[in-house]
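Letters A, B, ... are given to chains in the order of the sequence lines, protein chains preceding strands, and every chain is numbered from 1. Given the structure is predicted, the values throughout are model-derived calculations rather than measurements.
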Protein chains: 2
Amino acid sequence: MISQAMEDYLKAIYKLQQTIKPVPTSALAEHMGFSPASVTNMCKKLAELNLLHYEPYQGVVFTEAGLQVALEIIRHHRLIELYLSKALNVPWDQVHAEAEKLEHVISEDLEDRMAEMLGDPQFDPHGAPIPSRNGTIFRPESESLIDMKAGNRFVVVEVNDDDSELLRYLGTIGLYPGTELLLVERAPFDGPLTLKVAGKQHNLGYQAAKSVRVAPVETSQEPS
Amino acid sequence: MISQAMEDYLKAIYKLQQTIKPVPTSALAEHMGFSPASVTNMCKKLAELNLLHYEPYQGVVFTEAGLQVALEIIRHHRLIELYLSKALNVPWDQVHAEAEKLEHVISEDLEDRMAEMLGDPQFDPHGAPIPSRNGTIFRPESESLIDMKAGNRFVVVEVNDDDSELLRYLGTIGLYPGTELLLVERAPFDGPLTLKVAGKQHNLGYQAAKSVRVAPVETSQEPS
DNA sequence: CCAAAGGTTTAGGTAAGTCTAACCTAGAGG
DNA sequence: CCTCTAGGTTAGACTTACCTAAACCTTTGG
Ligand SMILES: [Mn+2]
Ligand SMILES: [Mn+2]
Ligand SMILES: [Mn+2]
Ligand SMILES: [Mn+2]
């Protein structure tokens, strides 16, 4: 009933509706790399299945059922990423591509077994929250590094998981979720940011910094 | 280039050509549950890709390239079965269904990681040989239990992996690959077989016994 | 309140993979 | 050695999922 293509649409809609609601079909089209005509078409089908509310010219919004399906697939994706990373040592820049294919194909039983093996984990290797079995999700507060003020300390909360090259680069610097950093300086005009991570200084390009989301570090006492 | 459907055809052809060569398109059709017309159609496509030799009305035979593709998928299938069974404790009657979907979707990298984690295993949970990375396979001699003479001892070599219910039943008896058994008696006219497994006696239906392949136990000294 | 931007519809197309129904062929048995 | 039928093939059509181009409609902001 719900095809793989539909699942991918729902995932994309989930991502976009975190920013815009309702989601314009044109935004969806651009995000997915399909023509607007194709997207309108598919949205009508998904509305037919009661997964979306679709109002012509107004974009789409999830129905409760649609949201649950989306979260279900996202749970698969993120659990698989974490599982591959932990159980098979797949590098964090490769797990996303692998999960994109596996997420559509694993059984609920396998999902449960992976979750159990991992101790019902809350976050994937890129810091994204894993929806719970019953479809709830909590995303911790975070903001992009590029919007932060220089001179402050932050923890990496989440990084973009769909750019393999970028992830490999962030890995060499050590910018994993949980890592602390000091934002030393921000060059103006969307220039690079200077960071201190684990005692070492780095220049991070603007585009790279954009996909690193952080939270302020609680003003803790420096361990003497 | 090679679609999932094509992979399934090649797998089916591999199975059938162990018995009949060349493989009649009708046998393929019956095995796969498709119409003969669909199968002829696909065989022509596979021949076009140089994966099969196809002679109208004469059935199909693998080319070397086709055989390698088939073995590649079978390696995926069996590695996945063993991995799920060992790493995630998936029961042996469920691994087949799961592997049917996953086999088409895992990367070569994941295949290698699973193989490594398992120590380059030779057999899947049902006793079927796992093709090596470079496409060689060795299937140990074995014969169906129904062709064996009563009064002799055997080891289970391999069981049919595509009937979940049967596997669950064999599991309750303890008939796993490697298990020793004594064939006590064979009822005539395709009747049930009486076995002794681990000291307990069982009556195994003819159909069930058919899918259990065994080898004679070397006449070893009974441990006193 | 009207024009441009955004979105939809229509029409027509491709590519898999499947089907049914009509047809053909090989080869066994009369 | 000829015929009949089981086994195979061909033809034509359908479905799903995507595409484009071009005409058209709606919303909204200036
Ligand atoms: Mn699930
Ligand atoms: Mn991720
Ligand atoms: Mn492989
Ligand atoms: Mn198996």
Side-chain angles (χ1 to χ4, degrees), chain A residues 1-17 19-62 66 69-70 73 100-101 103-105, chain B residues 1-17 19-62 66 69-70 73 100-101 103-105:
Chain A
M1 198 86 229
I2 299 177
S3 68
Q4 189 159 320
M6 289 172 179
E7 292 183 351
D8 285 332
Y9 272 89
L10 293 174
K11 257 201 324 176
I13 291 165
Y14 185 86
K15 184 157 199 184
L16 294 175
Q17 56 99 59
T19 318
I20 343 162
K21 235 187 290 195
V23 177
T25 52
S26 54
L28 241 188
E30 202 197 345
H31 185 77
M32 304 193 75
F34 296 146
S35 73
S38 301
V39 170
T40 295
N41 206 49
M42 181 59 97
C43 284
K44 282 158 85 176
K45 281 189 209 166
L46 292 170
E48 202 53 47
L49 292 171
N50 284 303
L51 299 170
L52 296 179
H53 295 296
Y54 168 60
E55 208 67 65
Y57 300 100
Q58 304 304 316
V60 291
V61 178
F62 278 125
V69 173
I73 302 152
E100 282 292 313
K101 298 175 294 171
E103 65 190 7
H104 303 291
V105 138
Chain B
M1 198 84 228
I2 298 178
S3 67
Q4 188 161 320
M6 288 173 178
E7 293 181 353
D8 284 333
Y9 273 89
L10 293 174
K11 255 199 327 174
I13 292 165
Y14 185 87
K15 183 157 198 185
L16 294 174
Q17 55 100 58
T19 317
I20 344 161
K21 236 187 288 194
V23 178
T25 52
S26 55
L28 240 190
E30 202 196 347
H31 184 78
M32 303 193 74
F34 294 148
S35 71
S38 302
V39 171
T40 295
N41 207 46
M42 182 57 96
C43 285
K44 282 159 82 176
K45 281 190 210 167
L46 293 170
E48 203 52 47
L49 292 171
N50 285 306
L51 299 171
L52 296 179
H53 295 296
Y54 169 60
E55 208 66 66
Y57 298 100
Q58 303 304 316
V60 291
V61 177
F62 277 127
V69 174
I73 302 151
E100 281 293 311
K101 298 175 292 170
E103 65 190 7
H104 304 291
V105 139

Participant: Which atoms of nucleotides 22-26 of chain D (N or O only) lie under 3.5 Å from a protein N or O atom, and what are those distances?
Facilitator:
| residue | atom | partner | partner atom | Å |
| --- | --- | --- | --- | --- |
| dC25(D) | O2 | Y57(A) | OH | 3.2 |

Participant: Is Y54(A) close enough to dT8(C) that one of its side-chain N or O atoms is under 4.0 Å from OP1 or OP2 there?
Facilitator: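 True: Y54(A) side-chain N/O within range (under 4.0 Å) of dT8(C) OP1/OP2.
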Participant: Would you say S35(B) reaches dT20(C)'s phosphate, i.e. side-chain N/O to OP1/OP2 under 4.0 Å?
Facilitator: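 No, outside the criterion.
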Participant: Do D8(A) and E103(A) come close enough that some side-chain heavy atom pair is under 4.5 Å?
Facilitator: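 Result yes, sub-4.5 Å side-chain heavy-atom pair found.
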Participant: Evaluate the side-chain proximity of M6(A) to V69(A): yes if any heavy-atom separation is below 4.5 Å, no if none is.
Facilitator: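 No; the side chains remain at least 4.5 Å from each other.
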Participant: With a 4.5 Å heavy-atom cut-off, do L49(B) and K45(B) have their side chains touching?
Facilitator: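 No - every pair of side-chain heavy atoms lies 4.5 Å or more apart.
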Participant: Which pair of heavy atoms, one from I20(B) and one from V23(B), lies closest together, and at what distance?
Facilitator: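 Reported closest heavy-atom pair: O-CG2, 3.5 Å.
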Participant: Using whole Å, report how far CD of E55(B) lies from C1' of dT25(C).
Facilitator: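 Result: 14 Å.
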Participant: Within the 4.0 Å heavy-atom criterion, would you say T25(B) contacts the bases, only the backbone, or no part of the nucleic acid?
Facilitator: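 Counting heavy atoms under 4.0 Å across all strands, the contact made by T25(B) is with sugar-phosphate only.
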Participant: Between dT16(D) atom C1' and I2(A) atom CD1, what is the distance in whole Å?
Facilitator: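 Going from I2(A) (CD1) to dT16(D) (C1'), I get 16 Å.
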Participant: In whole angstrom, what separates E7(B)'s CD from dG17(C)'s C1'?
Facilitator: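 Between C1' of dG17(C) and CD of E7(B): 15 Å.
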Participant: Check whether any side-chain heavy atom of K11(A) lies under 4.5 Å from a side-chain heavy atom of E100(A), and answer yes or no.
Facilitator: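 Yes, side chains in contact.
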Participant: Below 4.5 Å, heavy atoms only, C-beta onward: do F62(A) and L10(A) meet side chain to side chain?
Facilitator: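 Heavy-atom side-chain distance check passes, below 4.5 Å.
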Participant: With heavy-atom distances below 4.5 Å as the criterion, would you say the side chains of Q17(A) and V61(A) are in contact?
Facilitator: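 No, every pair of side-chain atoms sits at 4.5 Å or beyond.
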Participant: List the steps and the verdict of side chain to side chain contact (heavy atoms under 4.5 Å, CB included) for Y9(B) and L28(B).
Facilitator: CA-CA 8 Å; Y9(B) 273 89; L28(B) 240 190; 4.3 Å; yes
Participant: Could you state the CG-P distance from L28(B) to dG7(D), rounded to the nearest angstrom?
Facilitator: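 Rounded to the whole Å, the gap is 15 Å.
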Participant: Please determine whether a side-chain nitrogen or oxygen atom of S38(B) lies at a distance below 4.0 Å from atom OP1 or OP2 of dG17(C).
Facilitator: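 S38(B) to dG17(C) OP1/OP2: no side-chain N or O under 4.0 Å.
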Participant: Nearest whole Å is fine: how far is dA16(C) P from M1(B) CE?
Facilitator: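 About 8 Å, once rounded to whole Å.
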Participant: Rounded to whole Å, please give me the gap between CD1 in I20(B) and P in dG7(D).
Facilitator: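 Those two atoms, CD1 and P, are 12 Å apart.
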Participant: For the side chain of P36(A), starting at C-beta, report the closest nucleotide among dA17(D), dT8(C), dC19(D).
Facilitator: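 The answer is dT8(C), which lies nearest to the side chain.
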Participant: From CE of M32(B) over to P of dC19(C), roughly how many Å is that when rounded to an integer?
Facilitator: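 Taking atom P of dC19(C) as the reference, CE of M32(B) is at 11 Å.
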Participant: Looking at OG1 of T19(B) and NZ of K21(B), how far apart are the two atoms once the value is rounded to the nearest 0.5 Å?
Facilitator: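 Reported to 0.5 Å precision, the distance equals 10.0 Å.
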Participant: Heavy atoms within less than 4.0 Å of DNA chain D: which residues of residues 41-53 of chain B have one? Give them sorted by number.
Facilitator: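 Going residue by residue through residues 41-53 of chain B, the ones with a heavy atom under 4.0 Å of DNA chain D turn out to be K44(B).
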